[in-house]
Protein chains: 4
Amino acid sequence: MNKRSGIGSKKRIVDAALKLFSEYGYSKASMRMIANASGISIGGLYLYFKNKDELYLTLIKSRLDELADVTRQSLKGISDPADALIKFISLQLAYAKRHRELILVQGREYGFVFGMSAKKKFFKVQRGFIEGVIRKGIRSGVFKKCNVKETAKIIICTLRGFILSLIVETDALFSPHECSKLLLNGLLKKE
Amino acid sequence: MNKRSGIGSKKRIVDAALKLFSEYGYSKASMRMIANASGISIGGLYLYFKNKDELYLTLIKSRLDELADVTRQSLKGISDPADALIKFISLQLAYAKRHRELILVQGREYGFVFGMSAKKKFFKVQRGFIEGVIRKGIRSGVFKKCNVKETAKIIICTLRGFILSLIVETDALFSPHECSKLLLNGLLKKE
Amino acid sequence: MNKRSGIGSKKRIVDAALKLFSEYGYSKASMRMIANASGISIGGLYLYFKNKDELYLTLIKSRLDELADVTRQSLKGISDPADALIKFISLQLAYAKRHRELILVQGREYGFVFGMSAKKKFFKVQRGFIEGVIRKGIRSGVFKKCNVKETAKIIICTLRGFILSLIVETDALFSPHECSKLLLNGLLKKE
Amino acid sequence: MNKRSGIGSKKRIVDAALKLFSEYGYSKASMRMIANASGISIGGLYLYFKNKDELYLTLIKSRLDELADVTRQSLKGISDPADALIKFISLQLAYAKRHRELILVQGREYGFVFGMSAKKKFFKVQRGFIEGVIRKGIRSGVFKKCNVKETAKIIICTLRGFILSLIVETDALFSPHECSKLLLNGLLKKE
DNA sequence: TATGAATGAGGGTTCATTCAT
DNA sequence: CATGAATGAACCCTCATTCAT
């Protein structure tokens, strides 16, 4: 019915799939549901994606790329390491809130199929950002000396936990401000 | 292969299910797979569990209870808030490492079926522990004043992210020691 | 084997199901059997019928409607009550013989599921026909006075027993002519 | 637990099975249900009956024999053919009402397994009774001449339809008195 | 004789994928 | 490009039957 360009159809599929996968998970979101939601026929889905796996993968990749871009963009031009960290955290949290589908990046359903390589690389890149910030902070004397790699891992895990909370229990979400404060100052009172 | 003791059978089923659910997720782990892995016939599975849902739920519940117990046990008798926090963190991480199946507690596949209530309650209890520790620390003058609830959320999310990393990318695991240090002292150098 | 016309498929399913249900009963006729007999794949069955119940119900409903129609048609235009009764009886018997599947209307397997409402209504309508005929006969002085409702029930039960005999023992089938004769004249010799 | 004699156990099984088969039909009444209802273990069922088929068959046979006996008993000693017919009809209907399980004699579910031979024989015997009565009536000049075999079939079918009505729609049951009257006198007014 | 845990074929149903149109 | 009827493997679950005790 829709003589629209293939690119339009593809976008409609991606949008619908994003919504359904993030709501129902990989297994419970059927190709038929995606077809109905996108207004494309079942057969049509297979014109743009070889199979369900590929569709899912494409979604993850696109989200990952977008987030990486956003991160890169917003971090350049900020020279103060503390500011950079604050910016980074609030950015990730804001993005996660706006794109709940990001949750599917965490999906473990398909780990054994995709081999995680895309995700691994993504998180490595993210960690690289943080590590850079921390190292810079230490060099400039703003941050105390610490195990850079470990610290970066911890920060990433905190953000990852936040994303998961989007689904599991939304009342567990914390504020970027408080998070930054804690990470920067710690709990202990400095005498 | 024949007529084993009932108790042994149930344990074998639970063990196999734990492994398969945590590796493949709820949907992709089939009852047939669990039957094969446990050396029990398909019909035998239904002698011990009414259906797949109940089996899954039983698993989650038992893990949740166990972890809650372990947490409670190890926290009592520690009066110093900083020590308590350190203990709490290292405990959770150690437990998560030993029981990779814990990941299924995070499963989002079944949220819309089980209503999450068990999980929500569990995480609320965990958060309660931390809040208690923080409050005590503030009262005793060891910790600086802060938003207790938010801080507790952040810590829980960090641990949650750690559990998730168990599956997604094991090289992202951080050490309890470094985590405690960061949370206690923060990044900023106190001049 | 491939992509036949949808309409043809549905008819083939109905025909096969009719045959199998009436031969084996609801429970023992499996969807796989019906699929094989109709030359349609198992999945294909569910393209036309939501589930086994619906398929069975559709069959019953269609038979019931058809027979009711046939009855109505052939009775209009006959004014003599005796002729009408004879016609009615021979019609029912002829129809039952041609459509042995009618037996499934009698099926008791599904009473507690379907609630029998369709059947009850059908037999009530049939009884209504007979009652009308009898009443008319009495009014016109052709029939003797009698308990109209009871008499109608008896006639319906006789026909119902005939249908059942189609399955149980075909040599128990009686001729419409003899049946009419008995009902009209009785056994006793009028002196 | 019950060290009762085997005969007591067998009776309990038969009673339970009779009730369950007549209520749920052959397929939907499971061996487990019968075991529970009879207070015998599942394995115990197979001590007395080779399998489900045999249990079912035994039930039918016993009911059939009992009814045949009752019929035989009550007919001997009645010399008037009209009285005999009336007696026969009221007897059958009363028995059917008291033993709703009789319905399973009509069960068509298992026709293809049992070959119907038992049932066929039973109904043949019943028909023999009626034929004898009719023939006697004709010979004695009480009944008018008629096709004996056909007439007997019709009467049997009427009773069979009555039994079926027990399940399908109880408000279709007729009275033995009205039935006898109709069969004896017919509908037509004798001028 | 009696038990009931264990088995596994088979039941109804779903769904990713294909292909004639 | 696009459609959707058709396919069939696989899923969850039931139940008649067996057998070690």
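Each chain gets a letter, A, B and so on, in the order the sequences are listed, and its residues count up from 1.
- A straight line from OH of D:Tyr56 to P of F:dT17 spans 15 Å, rounded to a whole angstrom.
- Side-chain contact of C:Asn51 with C:Tyr56: a donor-acceptor pair under 3.5 Å is absent, judged by distance alone.
- Separating the CG atom of D:Leu45 from the C1' atom of E:dG4 is a distance of 12 Å, rounded to the nearest angstrom.
- Residue C:Tyr46 contributes atom OH, which lies 17 Å from atom P of F:dC11 at whole-angstrom precision.
- Nearest-nucleotide assignment on DNA chain F puts the 5′-proximal partner with C:Gly43, out of C:Gly43 and B:Ser30.
- The residue from C:Leu20, C:Val14, C:Leu45 that alone fulfils the side-chain contact (heavy atoms from CB on, under 4.5 Å) condition with C:Ser38 is C:Leu45.
- Summarising the base pairing, E:dT3 is matched to F:dA20 through a Watson-Crick or G-U wobble pair whose two defining distances lie under 3.5 Å.
- When the C1' atom of E:dT18 is taken as reference, atom CZ of A:Phe49 falls 18 Å away, rounded to whole Å.
- Look at A:Ser9 and you won't find any side-chain N or O under 4.0 angstrom from OP1 or OP2 of F:dC1.
- Between C:Lys52 atom NZ and E:dG11 atom P there is a gap of 9 Å when expressed in whole angstrom units.
- Using a 4.0 Å cut-off, some side-chain N or O of D:Tyr48 falls inside it from OP1 or OP2 of E:dA2.
- Nearest-nucleotide mapping onto DNA chain F: of C:Gly44 and B:Asn51, the residue sitting toward the 5' end is C:Gly44.
- Of the candidate nucleotides E:dG4, F:dA16, E:dT17, E:dG4 has the atom lying nearest to any side-chain atom of D:Ser41.
- Per the geometry, NZ belonging to C:Lys28 stands 12 Å off P belonging to F:dC15, to the nearest Å.
- Computed from coordinates, the D:Leu20 CG to F:dC15 P distance equals 13 Å when rounded to whole Å.
- Taking the centre and axis of the six-membered ring of D:Tyr26, the NZ or CZ atom of D:Lys52 falls inside the cone set by 45° and 6.0 Å.
- Each of C:Ile42 and D:Leu47 has a nearest nucleotide on DNA chain E; the 5'-most of these lies closest to D:Leu47.
- B:Ile34 places a side-chain heavy atom less than 4.5 Å from the side chain of B:Phe21.
- Under 3.5 Å, the side chain of C:Arg32 and the base of E:dG12 form at least one donor-acceptor pair of N or O atoms.
- The CG atom of C:Leu55 sits 12 Å away from the C1' atom of E:dG12 (whole-angstrom rounding).
- The minimum heavy-atom distance between D:Glu54 and D:Phe49, with the atom names listed, is OE1-CA, 3.5 Å.
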